[in-house]
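See structure below.
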Amino acid sequence: MSAMTLVSTVTVGAGGAANIEWTNIPQTGKDLLILTSLRGTSGANARILPNNNSSNHTWLRLFGTGSSTGRSGPNANASNLQDIPNNPTSTANTFSNNSIYISNYTAAAAKSMLVDSVQENNATAAFQVISAITWNNTAAITSLVLQLDSNNFVQNSSASLYIIS
Amino acid sequence: MADTTPMKIIVDLSKPEGERESIVPLTKEEIRQRELDIANFKAEQEAREAEEAAKEALKVSARQKLVAGEPLTPEEAALLVL
């Protein structure tokens, strides 16, 4: 019988944090799920880095901005969570709602990640994003880094890691 | 002057609950790699935005020519014809 097990929840404190990292991830599951609620002190771009590796990332995303739609990619860089966190111009005390699903994280194969995300803003501009990310590396994922591109995730940003077995 | 070294929250899942979380500064190498990645992303984004702007300019020109009954260039026609 499959199970979805919460292994860790991180909530950012008063000092903010540039990175949220999980190390020594148990290799007993099949997939990983990261559910996040994020806001940055500047910008709205972030990255998810398996094994803290910023190489061999390719991603493609579809997005809505609140007033238009578009796509970007395929891109070959590690800033693979573009317009995912709420940025500081959004309504005060609001955070984005994001899901990052990583299939077969222990397999000796390239890793596929699905990102499903909405920003929150009491105005027209708020991104909705669905992204497909490939990390072309056959190593098992033993750690994950969630990093904002510039400055910090603000206090009360949170990220929960689940193992799907 | 306030220390602005970026900090990271590390959760070591090999440790018992209650002992897993620590907050430490990013290393110089991590900061360097982060800045390099950001620079690469910005360069790629600027190139993409320039390409999109050029396409949009072609579309505007093509529409104007259609209205005026003027011939389109092959690049303009390629944007409008599926």
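Treat the numbers as computed from the prediction; the structure is a model and nothing was measured.
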TODO: Check the hydrophobic clustering (I, L, V, M, F, W, Y; side-chain heavy atoms under 4.5 Å; chains of links allowed) and say if Leu49(A) and Val12(A) are grouped together.
DONE: no
Task: Close contacts, residues 86-114 of chain A versus chain B, judged by heavy atoms under 4.5 Å - done: none
Open item on the list: Looking at chain B, which one of Leu146(A), Asn75(A), Val145(A) has the largest number of heavy-atom pairs inside 4.5 Å, strictly under?
Closed with: Asn75(A)
TODO: Examine whether an atom of Leu161(A) lies under 4.5 Å from a heavy atom of chain B, and if so say whether it belongs to the side chain, the backbone or both; otherwise answer neither.
DONE: side chain
Task: Partner chain B: residue of Asn152(A), Ile20(A), Asp149(A) with the largest heavy-atom pair count (under 4.5 Å) - done: Asp149(A)
Task: Proximal to chain A - members of residues 56-67 of chain B, heavy-atom separation under 4.5 Å - done: none
Open item on the list: Within this structure, what is the OG1-OH distance for the pair Thr5(A) and Tyr162(A), rounded to the nearest 0.5 Å?
Closed with: 10.0 Å
TODO: Just do the side chain to side chain donor-acceptor pair (under 3.5 Å) check on Ser143(A) and Thr23(A) with the steps written out, would you?
DONE: CA-CA 4 Å; Ser143(A) 67; Thr23(A) 62; over 6 Å; no
- [ ] Please check if the side chain of Glu46(B) supplies one atom and the backbone of Ala43(B) the other of a donor-acceptor pair under 3.5 Å.
- [x] no
Task: Sidechain N-carboxylate O distance under 4.0 Å for Glu35(B), Arg32(B) - done: no
TODO: Just give me the residue among Ala76(A), Gly16(A), Gly13(A) that pairs up with chain B most often, heavy atom to heavy atom, under 4.5 Å.
DONE: Ala76(A)
Open item on the list: Return the CG to CG distance between Leu38(A) and Asn156(A), rounded to the nearest 0.5 Å.
Closed with: 12.0 Å
Task: Under 4.5 Å from a heavy atom of chain B, the part of Ser8(A) involved - done: side chain
Task: Which atom of Glu120(A) lies closest to which atom of Asn122(A), heavy atoms considered - done: OE2-OD1, 3.2 Å
Task: Atom group of Ile10(B) that falls short of 4.5 Å from chain A, counting heavy atoms - done: both
Open item on the list: Testing the 3.5 Å rule here: is there a donor-acceptor pair between the side chains of Asn19(A) and Glu21(A)?
Closed with: yes
- [ ] Could you list which of residues 15-23 of chain B have a heavy atom closer than 4.5 Å to any heavy atom of chain A, in residue-number order?
- [x] Arg20(B), Glu21(B)
Show every donor-acceptor pair shorter than 3.5 Å between a side-chain atom in residues 126-141 of chain A and any protein atom, with sequence neighbours excluded, or say none if there are none.
from, atom 1, to, atom 2, distance (Å)
Gln128(A), NE2, Ala126(A), O, 2.7
Trp135(A), NE1, Ser55(A), O, 3.2
Asn137(A), OD1, Ala139(A), N, 2.9

TODO: Answer with yes or no whether the hydrophobic clustering places Ile9(B) together with Val24(B); edges join I, L, V, M, F, W, Y residues whose side-chain heavy atoms lie under 4.5 Å apart.
DONE: no
- [ ] Using non-hydrogen atoms and a 4.5 Å limit, figure out which bit of Asn151(A) sits close to chain B: side chain, backbone, both or neither.
- [x] backbone
TODO: Output the distance between atom CD (Gln33(B)) and atom CG (Leu26(B)), rounded to the nearest 0.5 Å.
DONE: 11.5 Å
- [ ] For the pair Asp83(A) and Arg61(A), find out whether any cationic side-chain nitrogen is under 4.0 Å from an anionic carboxylate oxygen.
- [x] yes
